Participant: 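Before I ask anything, here is the structure I am working with.
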Amino acid sequence: MKNRLLVLLGPTGVGKTALSLSLAKRFATVIVSSDARQVFREMKIGTAAPGEEELAAVPHYFIGNHSINEHYTAGKYELEALELLEKLFEQHKTILLVGGSGLYIDAVCNGIDDFPDTDLALRKNLMQHLETEGLDSLRFQLKQLDEATYQRIDLKNPQRILRALEVCIATGKPYSEWKTGVTKKRNFEIVKIGLTRPREELYTRINSRVIQMMNDGLLEEARKLYPYKGLTALKTVGYTELFDYFEGKTDLETAVQLIQQHSRNYAKKQLSYWARYKDIRWFEARFATCRKIV
RNA sequence: GGUGCCAUAGCUCAGUUGGUAGAGCAAAGGACUGAAAAUCCUUGUGUCCCUCGUUCGAUUCGUGGUGGCACCA
C-alpha cells in the first residue's frame, strides 16, 4: 500500500492547529508544516505558530527551523520538504501536512519548476530600475526577452514582471522556458482536507486572536525585529502595522485594528486561492472531528 | 439666547451654472510557479437630514425645523 500524505489546509484562524494535533494522535504520526512564515524562528507570536505544549505533544517540522536572515523560498521548501517526507515515510504510513500557504502546499503536492537560485543583487538592480524608469520600461524589456511571458502574465503586477525579467537576465533563457507547469509525480498518495467556517465566525475568531497575540507579547516581539524591517520575511501582517506604529505613523489602537483587518483580508485571499481546486474535501471546522474526516 | 458655517455611499469628503451624483478608504469578488501573511486586478443607487415654497422639474435656490461645529453674549 502506498504511503499517504494527509494535507490539512484552510484560512488563517480557522482552527487547523487544534485539529492537526488530534489527527496526528489518531494516526500516531507527525506534523509537517506548510506555512511560509512559521518557518522563521524569530516570528512566533505574530504567525500564531504552535506553542511549546503543542510542539511537545506531537513532533513538528518546519516550525521555526529557519532564520529571517535567510532568503527562504517556495523552491527551497519543496526540496527540503520532500527530502524530509521520504525519511518520515520510512516510519509512518500517513503523514500530516498542515498549513495555510497555498504555494508551499502546491510545491509539495505538485512540485514547482526548477528555476536557478534567485540573484538577489540583480533583483535589487531591477527594483531600482523600476523606481527610476517606471513599469513601462520593465514591460518593454520583458517583451524583448520573453514575448510568451509578456503575453501571459499580469502586466500591471510589478512583482510578476520583475520575477520573469530576473530569470531571463540571470539565465539568458526566457522565463517561459523554465516555467513548464508540469505536475511532478509523487510516490505517495495525497488527500486534501480543507477546513472552513462561516465568514462571520472566522472573522470574529481572527479579531480575537489578534487581541490574544497582543496579550502574548506581539508588541515586544515586533520591537525586537524592528531593526530588520527591510527583510522579506518581515513583510508580514502583524509586523508591518506595528512598525508603522513605532515610526509614529499610527497610534497603537489603529495599528491593532489594521492587523485585524489585514488578517481578515488574508483569510479571504486564502479561500479564493483554494476555491478553484477540485480535489479538496471541505469540512466545517465546527463539526470537523477525526472520525468524520477519516 | 444671537450670528455664521456644515449636513451627500459603512467612513472622510468632492460635485451638480436647477435635469436625482463620484473620489479615496472600508467592504465584496478574482488572479497567482522561488517575495505567496507577498504582489496585482475588478466592482460605487445612495430617502444627496426633514418640512413647506418657487419651478415643467429641487440634492442644488428660498422659508421654517432638527442635529453638529465655531464665534458672540
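Just so we're clear, the structure is a prediction, and the values are computed from it rather than from any experiment. Within every chain, numbering begins at 1; the chains are lettered A, B, ... in the order of the sequence lines, protein sequences first and strands thereafter.
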Participant: Would you mind checking if A:Glu166 and A:Arg123 are paired as a salt bridge, meaning a charged N to carboxylate O distance below 4.0 Å?
Facilitator: yes

Participant: Given B:G30, is OP1 or OP2 found less than 4.0 Å from the side-chain N or O atoms of A:Lys268?
Facilitator: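 Checking B:G30 against A:Lys268, a side-chain N or O does come within under 4.0 Å of OP1 or OP2.
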
Participant: I'd like to know if A:Lys269 reaches the base of B:A38 with its side chain, counting only an N/O donor and acceptor under 3.5 Å.
Facilitator: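 Between B:A38 and A:Lys269, which were checked side chain against base, a qualifying N/O pair under 3.5 Å is present.
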
Participant: When you measure from the side-chain N and O atoms of A:Tyr72 to the phosphate of B:G34, is any distance below 4.0 Å, counting only OP1 and OP2?
Facilitator: no

Participant: Only stems of 3 or more consecutive Watson-Crick or G-U pairs count here, both distances under 3.5 Å; name the ones for RNA chain B, or none.
Facilitator: B:1-7 with B:66-72, B:10-13 with B:22-25, B:27-31 with B:39-43

Participant: If only side-chain N and O atoms of A:Arg37 are considered, is one of them under 4.0 Å from the OP1 or OP2 phosphate oxygen of B:A36?
Facilitator: yes

Participant: Just say parallel, tilted or perpendicular for the rings of A:Tyr175 and A:Phe115, cut-offs at 30° and 60°.
Facilitator: parallel

Participant: Pick the closest RNA chain B nucleotide for A:Phe115 and for A:Lys156 by heavy atoms, then say which residue is nearer the 5' end.
Facilitator: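 The residue mapped nearer the 5' terminus is A:Phe115.
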
Participant: Check this one for me: any side-chain N or O of A:Ser101 less than 4.0 Å away from OP1 or OP2 of B:A37?
Facilitator: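 It does, given that an N or O in the side chain of A:Ser101 lies less than 4.0 Å from OP1 or OP2 of B:A37.
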
Participant: Using a cut-off of strictly less than 4.0 Å, decide whether A:Thr47 has a side-chain nitrogen or oxygen near OP1 or OP2 of B:A37.
Facilitator: no

Participant: Are the charged groups of A:Glu80 and A:Lys76 less than 4.0 angstrom apart, N to O?
Facilitator: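 Here A:Glu80 does not pair with A:Lys76 in a salt bridge, since their nearest N and O are not under 4.0 Å apart.
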
Participant: Any side-chain N or O of A:Gln261 below 4.0 angstrom from OP1/OP2 of B:A26?
Facilitator: yes

Participant: I'd like to know if A:Arg223 and A:Glu220 make a salt bridge, using a cut-off of under 4.0 Å between side-chain N and carboxylate O.
Facilitator: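 Yes, this pair counts.
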
Participant: Using a cut-off of less than 4.0 Å, is there contact between a side-chain N or O of A:Arg163 and OP1 or OP2 of B:U39?
Facilitator: no

Participant: Which class fits the ring pair A:Tyr72 and A:His66: parallel under 30°, tilted 30 to 60°, perpendicular over 60°?
Facilitator: tilted

Participant: Under 4.0 Å between a side-chain N/O of A:Arg264 and OP1 or OP2 of B:A37, yes or no?
Facilitator: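 False: A:Arg264 side-chain N/O out of range (4.0 Å or more) of B:A37 OP1/OP2.
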
Participant: Does A:His71 have a side-chain nitrogen or oxygen under 4.0 Å from the phosphate oxygens OP1 or OP2 of B:A35?
Facilitator: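 Looking at the OP1 and OP2 atoms of B:A35, one of them is under 4.0 Å from a side-chain N or O of A:His71.
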
Participant: Which nucleotide in the set B:U39, B:A36, B:C32 lies at the smallest distance from any side-chain heavy atom of A:Ala36?
Facilitator: B:A36

Participant: Taking 4.0 Å as the cut-off, does a side-chain nitrogen or oxygen of A:Asn157 come that near to OP1 or OP2 on B:A31?
Facilitator: no

Participant: For A:Arg264, check salt bridge (charged side-chain N to carboxylate O under 4.0 Å, His left out) against everything at least two apart and list the hits.
Facilitator: none

Participant: If the cut-off is 4.0 Å, is A:Arg160 near the phosphate of B:C32, judged by side-chain N/O to OP1 or OP2?
Facilitator: no

Participant: Report the residue (A:Gln270 or A:Tyr203) whose heavy-atom-nearest nucleotide on RNA chain B is the more 5′ of the two.
Facilitator: A:Tyr203

Participant: State whether A:Tyr239 places a side-chain N or O below 4.0 Å from either non-bridging phosphate oxygen (OP1 or OP2) of B:A38.
Facilitator: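 No.
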
Participant: Look at A:Lys229 together with A:Glu241 and state whether they make a salt bridge at an N to O cut-off of under 4.0 Å.
Facilitator: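 Looking at A:Glu241 together with A:Lys229, the answer is no, because their closest N to O distance does not fall below 4.0 Å.
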
Participant: Tell me: NZ of A:Lys124 to C1' of B:G34, nearest whole Å?
Facilitator: 19 Å

Participant: Is it true that A:Asp279 and A:Lys192 have a side-chain N and a carboxylate O under 4.0 angstrom from each other?
Facilitator: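 Salt bridge present between A:Asp279 and A:Lys192.
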
Participant: When you get a sec, tell me which of B:A35, B:A38, B:U39 is the closest nucleotide to the side chain of A:Thr232?
Facilitator: B:A35

